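On a predicted model such as this, the values are computed, not experimentally measured, just so you know.
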Amino acid sequence: MPATRIAQTLISQNKLTLEQWVEIEQQAKREDTESEEILIKKNIISEKDLGHMKAELFNLPYVDLSELDIPHDILNTIPQAVAENYHLIVYDKKDNAVNIALVHPGDYRSIEAIDFWAKKGEYKIHFAVTTHAGYRDALKGYTAFQKEVSDALDVLQKQRVTTEKKVKKRLVEVIKKAPVATIVDLMIQEAVDLGTSDIHIEPAQDASRVRFRVDGVLRVYLNFPAHFHGSIVSRIKVLANLKIDETRIPQDGRIRTMVYDQEVNLRVSTLPVMGNEKVVMRILQSEVKTPSLKDLGFWYKVEDDLDKIIARPTGVLLVAGPTGSGKSTTLFSILSALNKETANISTLEDPVEYFMKGVNQTQVNPEVGLTFASGLRALLRQDPNIVMVGEIRDTETAELAIHAALTGHFLVSTIHAKDVLGVIPRLIDMHIEPFLISAAMNAVLAQRLVRKICPECKQETTVPPALEKEFQKELETIPEESRAMMEGVSTQGQLKFYKSGEKQCDLCGGSGYKGRTVVAEALLMTPELTEIMNTKFSLEDLVKELRRQGKTTFKQDAIVKALRGITTVEEVLRVTRE
């Protein structure tokens, strides 16, 4: 049995014989442990000397993790499951430079995994060597968060009887004490760490449930005893400047806080439920860079069409889709591309979620008469070049939007419609004349969000024959002008799709998905479409024009992205069969 580099070094130093090493490896196999652990047990070498030896052999610095107090946010740069799987610890971090201590510097599997992770996050990695004992000490830090919450709950449990006897005005003082404040602060911190979009705090008979929405899916994160729910809700209300003694009506507020030196805004909404209140907090990270259209998942002809449309000085661009389909993010990506010193950009939103430097943002307030319609009327007197209206909901707003485009403004907005073919009939239902729509409209865009499959654990799969036949039929109808999206995708023989593999995948935490992307379709206003609209037209006429323009549907977009291994068949079916 060949000796390792450690064994070779010890043998050359006469601290170990080859026979001893063979016996040690056999013992390690029997006891399901590591050979290095047995070397230390037999006092052939001390743990610290072994660490220094490995550092020297691999030309890396040595770090004693047992002497370091690693902050939770630094330790959590890499998830606990990854740290345990590859026996490594993040012990220092500054900007994009990350220091990682390895127990096994010769394990190239772990090096490759970290290199892959570092490239995705644009990190610069500095490796060091540590000991088994140091690694185990540092690993305990991962439990610090749950321990803090547990300790906080214990203290709060002792205070509960006293607290319940106090009048409501004393509740503010109670919830300012460390335990509840710690719970709420750490909850927000963990949510930011996990890339959560919404935090749901929901009461039940025997527990208060906390769920995080990650990649569009709600997951249970924590359960509190039911009697803590009121104190937690009250703490959130204080932070959001809401009335803690008002539980009969919904309330809205904002929390502005710092997480890891980054400003995070939370939009807070409370809602009375049976005998209690539910709280939802939407996380809005102000400093997050607005993604480009390509980053969002727009590609090929849709991306090219959007680039041409937003370069026009006037006209209307409408984005359609259901709630939660990413319409607002798309609008802000468009505004980001148009945001220049020479342009006066104004928005009307309900509510303002993302703050963009250089853009005049207004939040509608129906209680004082500031609606989308009245706000848009006022904005048009502010000499804007570009206007964003959060949503076209009624006839008055739609008429003003058309008027804005016809008088020399570029306007972007959202509208609730199933697909691009449903937008024009929706506007006509709002009593907008077809000839005005064709004169003002540049294009309509429809989109959905699908979850991206985890690149680390995805595996090839196939679909049932009936479903494959359905997909083949859709692929056959992709127009010639859009065939470039099929480049590199084989449709010969049985179609190959992808599914998530490992339930214990370190990258996706076993969910099988990591992130989301857009599937979309676009319809441009052309002379041919104008002629169709100015005469009596049908849905069939719109479908023919969509195909004549060489446009794909978002179903076709989704199928191709599934074939390319970007998403799964389950996600395709979810968004196309709503």
Side-chain angles (χ1 to χ4, degrees), residues 3-10 13 15-16 21 24-25 27-29 31-118 121 123-148 150-151 190 193 260 504 506-507:
T4 64
R5 294 175 69 180
I6 296 292
Q8 289 172 349
T9 303
L10 291 172
Q13 294 175 353
K15 294 180 179 179
L16 182 71
W21 176 246
I24 285 170
E25 288 212 307
Q27 182 181 345
K29 192 173 182 180
E31 297 176 3
D32 192 24
T33 187
E34 295 185 25
S35 304
E36 292 178 7
E37 297 274 19
I38 297 175
L39 283 172
I40 295 165
K41 274 185 185 178
K42 290 181 175 290
N43 294 319
I44 293 171
I45 188 172
S46 71
E47 184 152 35
K48 187 169 284 189
D49 287 343
L50 180 61
H52 281 289
M53 180 184 291
K54 286 194 286 188
E56 186 176 344
L57 285 171
F58 289 90
N59 195 28
L60 293 171
Y62 170 80
V63 59
D64 188 349
L65 294 181
S66 60
E67 296 179 357
L68 299 179
D69 183 15
I70 307 171
H72 175 70
D73 57 313
I74 290 177
L75 187 69
N76 211 44
T77 303
I78 288 179
Q80 182 177 355
V82 178
E84 290 177 337
N85 189 42
Y86 296 112
H87 292 82
L88 52 86
I89 291 289
V90 175
Y91 64 94
D92 197 13
K93 180 182 176 184
K94 189 173 183 181
D95 297 326
N96 69 330
V98 179
N99 291 349
I100 298 178
L102 303 167
V103 177
H104 303 301
D107 183 1
Y108 294 106
R109 183 179 65 99
S110 62
I111 302 293
E112 287 175 359
I114 292 302
D115 283 343
F116 176 81
W117 169 81
Y123 292 118
K124 186 176 181 182
I125 304 299
H126 301 286
F127 288 112
V129 176
T130 192
T131 61
H132 285 272
Y135 160 76
R136 284 191 290 267
D137 284 342
L139 201 63
K140 293 174 185 175
Y142 277 104
T143 61
F145 171 72
Q146 292 296 341
K147 186 175 184 304
E148 278 191 81
S150 178
D151 291 345
E190 288 292 297
D193 282 345
Y260 309 137
Q504 301 302 321
D506 298 321
L507 184 61

State the [atom1]-[atom2] distance between [X] and [Y], to the nearest 0.5 angstrom.
| X | Y | atom1 | atom2 | result |
| --- | --- | --- | --- | --- |
| I100 | I78 | CD1 | CD1 | 4.0 Å |
| I114 | L88 | CD1 | CG | 4.5 Å |
| L16 | K42 | CG | NZ | 10.5 Å |
| Q13 | I44 | CD | CD1 | 12.5 Å |
| I74 | I89 | CD1 | CD1 | 12.5 Å |
| L57 | T9 | CG | OG1 | 4.5 Å |

With side chains defined as the heavy atoms from C-beta onward, is the minimum distance between [X] and [Y] less than 4.5 Å?
| X | Y | value |
| --- | --- | --- |
| I6 | L39 | yes |
| L102 | I111 | yes |
| M53 | Y62 | no |

Legend entry - Main-chain N/O of V63 paired to T130 side chain as donor or acceptor, under 3.5 Å: yes

Heavy-atom closest contact ([X] atom, [Y] atom, distance):
| X | Y | value |
| --- | --- | --- |
| D137 | S66 | OD2-CB, 3.3 Å |
| V129 | G51 | CG1-O, 3.7 Å |
| P105 | L60 | CB-CD1, 4.1 Å |
| V103 | T131 | CG2-O, 4.1 Å |
| A138 | I70 | CB-CD1, 4.0 Å |

Legend entry - Partners passing side chain to side chain donor-acceptor pair (under 3.5 Å) against Q27 (at least two apart in sequence or in another chain): E31

Legend entry - For D49, all residues meeting side chain to side chain donor-acceptor pair (under 3.5 Å), sequence neighbours excluded: S46

Legend entry - Partners meeting side chain to side chain contact (heavy atoms under 4.5 Å, CB included) with T77 (sequence neighbours left out): V90, K93, W117

Legend entry - Set of side chain to side chain contact (heavy atoms under 4.5 Å, CB included) partners for P61, sequence neighbours left out: A128

Looking at residues at least two apart in the chain, or sitting in another chain, which of them share a ring pair (Phe, Tyr, Trp, His ring centres under 6.0 Å) with [X]?
| X | value |
| --- | --- |
| H132 | H104 |
| F127 | none |
| Y91 | none |
| H126 | none |

Legend entry - Pairs flagged by salt bridge (Lys or Arg N to Asp or Glu O under 4.0 Å) wherever residues 51-67 is involved - sequence neighbours left out: E36-K54, K48-D64

Legend entry - Contacts of type salt bridge (charged side-chain N to carboxylate O under 4.0 Å, His left out), residue D92, not counting sequence neighbours: none

Inset, instruction - With sequence neighbours excluded, tell me which residues meet salt bridge (charged side-chain N to carboxylate O under 4.0 Å, His left out) with E47. - result: none

